[in-house]
Novice: 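One structure, as structure tokens, below. Some questions next.
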Amino acid sequence: MQKSIDYLLEDLDEGDYDKVVSYIEFLVDAKKKKRKEEQAAEQVDVDMIVASLVGSIPDTGKTLEEYRSERLKKYEISD
């Protein structure tokens, strides 16, 4: 592949060579940008998850200790 590219580049004028190099750089940058966008889309948005949870559990005005004691009583094993 590299030999083919070198062979093609040998016959180019200097102005055309610069155009080819610029076009290749453009393609590489476009591919990097696309890859970054795809990776960003795949990442979990923690803020969105937290926002979706806010309000799903109603605030009853209890303290954390009160919630804890409720849970302990609910799952307490009787002898």
Novice: With side chain to side chain contact (heavy atoms under 4.5 Å, CB included) as the test, pick out the partner of Glu37 among Lys33, Arg35, Gln39.
Specialist: Lys33
Novice: side-chain contact (heavy atoms from CB on, under 4.5 Å) with Lys19: which residues, sequence neighbours excluded?
Specialist: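 With sequence neighbours excluded, Lys19 shows a side-chain contact (heavy atoms from CB on, under 4.5 Å) to Asp16, given in chain and number order.
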Novice: Hey, mind stepping through Arg68 and Leu72 against side chain to side chain contact (heavy atoms under 4.5 Å, CB included) and telling me if it holds?
Specialist: CA-CA 6 Å; Arg68 183 177 182 277; Leu72 290 174; 3.3 Å; yes
Novice: Could I get the full list of side chain to side chain donor-acceptor pair (under 3.5 Å) partners for Ser22, not counting sequence neighbours?
Specialist: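 Residues passing side chain to side chain donor-acceptor pair (under 3.5 Å) with Ser22: none at all.
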Novice: So, using side-chain contact (heavy atoms from CB on, under 4.5 Å) as the criterion, who are the partners of Thr63 when residues are at least two apart?
Specialist: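 Partners of Thr63 under the side-chain contact (heavy atoms from CB on, under 4.5 Å) test: Glu65, Glu66.
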Novice: Check whether any side-chain heavy atom of Glu70 lies under 4.5 Å from a side-chain heavy atom of Lys74, and answer yes or no.
Specialist: no
Novice: Could you work out, with side chain to side chain donor-acceptor pair (under 3.5 Å) as the rule, every residue matching Tyr17, not counting sequence neighbours?
Specialist: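 None.
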Novice: Same hydrophobic cluster for Val20 and Val28, using side-chain heavy-atom links shorter than 4.5 Å among ILVMFWY?
Specialist: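 Result: yes, single cluster for both.
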